[in-house]
Each structure stands twice: as structure tokens, then as C-alpha cells.
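Worth saying up front: this structure is predicted, and the values here are computed from it rather than measured. Proteins get letters first, then strands, A, B, ... in listed order; numbering begins at 1 in each.
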Amino acid sequence: MKYFPLLWATLWRKKARTIFTLLSIVVAFLLYGMLQGVNAAFHLSIDNANVNRLIVTSKISLTEPLPISQQQQIASVPGVSGVAFAVWFGGYYQEPKNFLFATPVNIDDYLHVVPEAKIAPEQVEALKRTRTGLIVGATQMTKYGWKVGQRISLHSTIWVNKYDGTSDWPFDIVGTYTFSGDESQEQGAYFNYNYLDEARTFGGGTVGWWIVSVKDPHQSAQIAARIDKLFENSPDETKSQSEKEFTQGFMKQMGDINFIVQAILGAVFFTLLFLTGNTMMQSVRERIPELAVLKTLGFTDAKVTVLVLAESLLLCLIAAAVGLGLADLLFPMLKNTIGVVRLPSRVILSGASVAVVLALATGGLPALRARRLVIVDALAGR
Amino acid sequence: MNDIVSLSQVAKRYTRGKESVEVLHSLDLKIAQGDFVALMGPSGSGKTTLLNLIGGLDRPSDGDVTVAGERIDRLSGAALARWRARHVGFIFQFYNLMPMLSAQANVELPLLLTSLSAAQRRQNAQTALKIVGLDDRARHKPNELSGGQQQRVAIARALVADPTLLVCDEPTGDLDRKTADEVLGLLQTLNREHGKTIVMVTHDPKAAEYARRQLHMDKGTLVPGNTP
Ligand SMILES: Nc1ncnc2c1ncn2[C@@H]1O[C@H](COP(=O)(O)OP(=O)(O)OP(=O)(O)O)[C@@H](O)[C@H]1O
Ligand SMILES: [Mg+2]
């Protein structure tokens, strides 16, 4: 590209201004990368939701318990291939900010329905043998530096332990699990439902929700309807949803992250549009005599237009590359909060296209002005 | 006689709102290959307007403009731009160099429009700078050069693509006597030794003496009789 030195020299014509503009765009794209990354991470759990599974909760609310006696009835619904349950435990380690999604389960049922959770067979056996056993997600093991065999205590925000009257529950770590296809699921822990059920002061014989696997995902809706029909008019009416619907609904409760992210970024880029557009316009205005000279030398209107657009592209792409690169570097620091390790590549790709759109939007008007410039008027200062 | 420039019945009008002002009136002019013409006349007489028509920077309202064998009044904008790149070198009163480019890069600018390789472009620009005696200043930016040196860089830029015609609008208007004489001497050498055809607008009778002939304009017409 033989015009590059000309472009480059033009871009740095006013160094301070270019650096200031560049920095503004870099910050905007850093923000873009981080926010869209978080957004994408949240949606990852929706994308990863298993189509073979239904989540059955109480019709009244997500947190209303259901009787464990429903298990047999759900299992007998045609098309159901497995039923497991889980219970809210609301656990944290030492401090509330160390939230640990510990779930009381029947491990055999659970692994049958959620085969993505991978636990070594001998550790599964160890859990069954150890009443206070705990299988911890790989991420949490490294985060706290825990070892198998270690005794820890988790505080429950829900359940009181009737043996000592506190909400502290002692556990013995007997193993770890990984979760194939979704590292963000490795932040939890599993333990024996029986431990909770025997020791809790209320709520005995109840579960939080059912996890139901179906034989044919195309039948999901019908099976969900059959389950809900089964408990219609009983004291424990249910609401069955696909795992995807359930996750989406759950996300909605935490606020519409997608909307917030798009709104913030919309505001940032709207401002940037004016800032960069103004810089480009100013720079073209100052260069009118130079642009006239280029045209005098035989640069066509089209060529001058492309040069101005290319300058704006160069500015935006450099800044976007730096901003998104920084986001890619910083993003892994959020691992403990959102569980995703790398900035998703689609965020980088969408960021690059935003940079191109920004360049064309901010370079468009100045390019048009350069194109329309009449040589003799510009040379005469008219 | 081989005419490089041939204007016949050329008129130029500017319309501002409803008013139309004619600044060139049915003008005829021929300039032969190898000539060096000084165009003189009072301010506002239309010298720059005429020069812009010859150089293909502007189009006449009426009449034919043939330069270097082409009816340039009929060319489209892009074709005219390409024609300028091939045939005309421009030199202005205020040099009009690119401030952020070195002398060398300024001189190479017109060559970007040719198919020359980077090495050839560098070579040709160096040759042009040598002709104007500034090969030792190739790396300097315009603001590191004196007015006379800047004008010589501008001349090198006008020369580098080997144009048919050099068009100069008051090239020494901003220079002191001594520097002006150097620049004019350079133009004269280009005309005498390199055979460049030159049309130069000037206010300065001393500058005009460097030319082979002088044309005088007044109120949009060429004043007859004073040139052979
Ligand atoms: N774009 C334009 N619109 C209106 N009038 C114009 C335009 N360009 C030139 N003129 C007028 O045309 C006339 C001739 O202008 P021109 O620039 O050719 O004069 P000149 O002989 O070069 O003068 P000077 O010696 O001052 O440079 C002037 O009266 C000028 O005001
Ligand atoms: Mg003039």
C-alpha cells in the first residue's frame, strides 16, 4: 500500500489531538470488550443449556419447596428417562462474597440426569460412604487451594444445623468435579441430600426443584405439560420448563444484563461518534489547502475521498485493536466472578465490525467534504 | 509551429446569485512548445483565472481549450485529474507543500499516481531534488527550510513526473530579490536546457525579463501588440 506513509503522516499531523482521540476510542473499546464479554459469558449458560432436560419448580415460586414424594410420579411419566433433584443451600465460605453454589443431591440420580458433571468413580463412592462428604468444582479447589481430605465449613443462608443450632455446616472434601463444555459450572459443589435432610431444623422431606431428562427433546413441551397436569389441583402444583427457558427466566431475575450492556455501550459510542467525527472534521478543515494540492497534482475526487476514509479507518482500527487487546488481557481477571476464562472471540469480531462502522460514520462527512472541494476555490482560500 | 497551448474564444463567467460576472472575454492564445511566457497585468485582470484554465484546474464557460493535444474543456473530472497528473506541473506563490512530509516525500507525491516502483520513485525524486540543488535537504520538513528552498522543493515536485508544461502563479511573490533571482534562474535553466514549456504569472517586471516573451492582460483580455 504505497499511500500508507502519506496516511500515517497525515494521521499524526497534530500529535496531541490524535493521541487524545486515540485514547478515547481505546477506552471505549476496552469498555466494549469487557461489557460484551460479561454479557456473552452470561448468555453462554443459556446457549449451553441442555435441550434434553426439563426443570420442574413449584408453580408458586422458584424458591417454594416440593415434596420428595413427587420423584416416583415424575419418573413414571411417559418419555421421562431420569429424575434428579437439587435444593437451594445458599452457601458461602467464611465471607458472603465467597459464594459457593453447594447443592445437596442424590449423586447417582444426579449424574444420570446431568452426565456433563464428571467425577472419578472412586470419589463418587467416597461421597456415598461419607455423610458429610463434599465434591468441589475444579475452579473452587484452585481458588481456595483446597485438598481432598480437608475439612471445611460452609455457611448456609437458609438452613440451620440442628446439632449445634448454627448455620455452619462442616464438610469433608472427598473429591472434585469438572463440567464438560462449560467451565463456569465448575464453581459449585455437591453433597449428600441425606446429610442436609437429617440435620436441618425445618423443611424435611422437601427438595428445591426437579431436573428431568427426556428421551426425545422434540417431546419436551408435551412431557412438561404431562408433568404439570399430574400435580394439577394438588397442594404442590408444578411449573415445568426446558432448561433453556429456565436459565433465561433466571437471568431475567438478575436484571436484563443484555439491555444494560447495550444501553451503556450505546451511550458511549454515541458520544464517541461526535468526538471522533469532530476531530476528523476539524482535521479535514485544516487540511483544505493540502487536499486542494493533492487534487491539483492529479489525485481524483474518488482517491481523495478514499484517503480521508482510510485515515479514519486507520485511527479507529488501531484504537479498537489496542482497546480489545487490553480487554482480552484483563478479562481473565473476572474468572472468579463469571467463570469464563477467555474473552469470547465473537466479542472481538463484533468489536472489529463496530470499529469499521465507527470509522465510516465519523469519516463519512469529512470524506464528502474533501470530495466536494473545488480546487480553484480552495487555492484562493474561498 | 507546435502549439502546446491553444485557446480559442475562451470566456469565463462567475455567477454569484443572480449576477453573472464575465472575467475573461473571448480570449485567443497560443503557446508554442519550449516557450517561456510571462503573464502580467493588474490585480484582478484575470491572470490566475487564465492560468487555471491552461492547467486544467478549471473549465471555461465558453470556447475551446486545447493543451498538450487534448480538448481539456471536454474532459470529465476524473479524466482531467489524470490528464493533469501526466501533463502539468504546478508552482504556487505559497509553495503549498505538505507540512508533515519531508522534502523527499513531497517530491514523490505525484509519482504515487504512476506505476513506478518505490525504488524508482525514490530515485526520480532524488534526481529532481538534485536539479533544484536540494539533494542534501531531502529529509527536511518544509518548516525546516527557507522560503526559497521550499519553493525549489515545489519546483522539484512540479518537475518530477516530467510534465509537458509548467504552470507558475507568482512563484517569486513571497521571496526577496536575491532568492527570487535564484528561483527564476532555475526556471530559465529548465526552459533553456530541459526544454520545459513554462507559463508564469507575475507582477514583477524583473521576473518577467527571465521569460522569452511577455503577455499583458487587462480586464479579462490580452492586450495586443507588445509581443512578437
Ligand atoms: N470563484 C470566483 N467567483 C467570483 N469571482 C471570481 C472568482 N474567481 C475569480 N473571480 C474574479 O475574477 C477576477 C479575476 O481574478 P483573478 O484571480 O484571475 O485575478 P488575477 O489577475 O490573478 O489577480 P491577482 O493579481 O490579484 O492575483 C477578479 O475580479 C476576481 O474577483
Ligand atoms: Mg492571481
Side-chain angles (χ1 to χ4, degrees), chain A residues 1-19 21-22 279-280 282-308 310-311 314-315 367-382, chain B residues 12 14 16 48-53 55-59 75-102 104-118 120-122 141-142 154 157-158 160-161 163 167 169:
Chain A
M1 171 68 171
K2 60 182 169 180
Y3 296 102
F4 187 80
L6 175 62
L7 268 180
W8 189 250
T10 311
L11 187 62
W12 294 101
R13 199 169 176 276
K14 287 251 161 92
K15 278 199 183 64
R17 186 174 63 200
T18 303
I19 287 174
T21 311
L22 211 59
T279 308
M280 281 301 299
Q282 217 173 321
S283 129
V284 162
R285 213 177 296 130
E286 287 167 2
R287 269 190 292 144
I288 283 190
E290 292 164 35
L291 292 168
V293 169
L294 285 182
K295 287 194 178 186
T296 303
L297 295 180
F299 284 67
T300 58
D301 291 352
K303 207 155 240 170
V304 171
T305 310
V306 169
L307 278 177
V308 173
E311 184 190 335
L314 192 63
L315 179 74
L368 197 67
R369 168 133 197 206
R371 178 187 190 88
R372 293 218 176 119
L373 192 118
V374 177
I375 301 174
V376 290
D377 289 345
L379 287 178
R382 270 188 290 264
Chain B
K12 180 69 186 176
Y14 290 109
R16 206 178 271 144
T48 297
T49 306
L50 176 58
L51 199 68
N52 288 344
L53 291 178
L57 293 179
D58 205 358
R59 288 197 182 77
L75 293 179
S76 74
L80 193 57
R82 279 188 282 272
W83 176 86
R84 281 197 304 273
R86 262 188 58 71
H87 291 292
V88 193
F90 293 89
I91 298 158
F92 303 98
Q93 178 175 359
F94 298 110
Y95 333 128
N96 283 342
L97 299 173
M98 298 279 168
M100 67 287 181
L101 296 180
S102 67
Q104 168 87 21
N106 264 290
V107 177
E108 277 187 37
L109 219 43
L111 299 180
L112 290 177
L113 299 169
T114 66
S115 55
L116 295 179
S117 72
Q120 286 170 312
R121 292 200 298 270
R122 199 174 323 117
K141 297 260 172 74
R157 181 180 68 187
V160 74
V167 153
D169 199 349

- Message: Counting heavy-atom pairs under 4.5 Å with chain A, which one of Thr48(B), Leu112(B), Asp169(B) comes out on top?
- Response: Leu112(B)
- Using non-hydrogen atoms only, which part of Ser102(B) is less than 4.5 Å away from chain A: side chain, backbone, both, or neither? neither
- Item | Within 6.0 Å of CZ in Arg59(B), more than 12 heavy atoms from elsewhere | yes
- Smallest separation among heavy atoms of Ala78(B) and Thr300(A), with atom names: O-CG2, 3.9 Å
- Query: When only pairs under 4.5 Å are counted, which of Thr296(A), Leu6(A), Ile375(A), Val293(A) shares the most heavy-atom pairs with chain B?
  - Reply: Thr296(A)
- Item | Asn52(B) portion near chain A, given a 4.5 angstrom heavy-atom threshold | side chain
- Item | Interchain contact, Phe92(B) with chain A, by part (heavy-atom threshold 4.5 Å) | side chain
- Task: State, to 0.1 Å, how close Met100(B) and Thr10(A) come at their nearest heavy-atom pair, and which atoms those are.
- Result: CE-OG1, 3.5 Å
- Contact origin within Arg157(B) toward chain A - heavy atom pairs under 4.5 Å: side chain
- Task: Write down the atom of Ala85(B), the atom of Gly298(A), and the distance for their closest heavy-atom approach.
- Result: CB-CA, 4.0 Å
- Query: Does a side-chain heavy-atom distance below 4.5 Å link Leu379(A) with Leu57(B)?
  - Reply: yes
- Scanning both residues in full, the closest heavy-atom pair of Arg13(A) with Pro99(B) reads NH2-CG, 3.9 Å
- Query: Can you tell me if Arg84(B) uses its side chain to pair, donor with acceptor, with the backbone of Phe299(A) under 3.5 Å?
  - Reply: no
- Can you check side chain to side chain contact (heavy atoms under 4.5 Å, CB included) on Glu290(A) and Asn96(B), steps first, answer last? CA-CA 7 Å; Glu290(A) 292 164 35; Asn96(B) 283 342; over 6 Å; no
- Note on the structure: Turns out that what part of Leu109(B) lies under 4.5 Å from chain A's heavy atoms comes down to both
- Query: Measuring from Ser117(B):OG to Lys2(A):NZ, what's the distance to the nearest 0.5 Å?
  - Reply: 10.0 Å
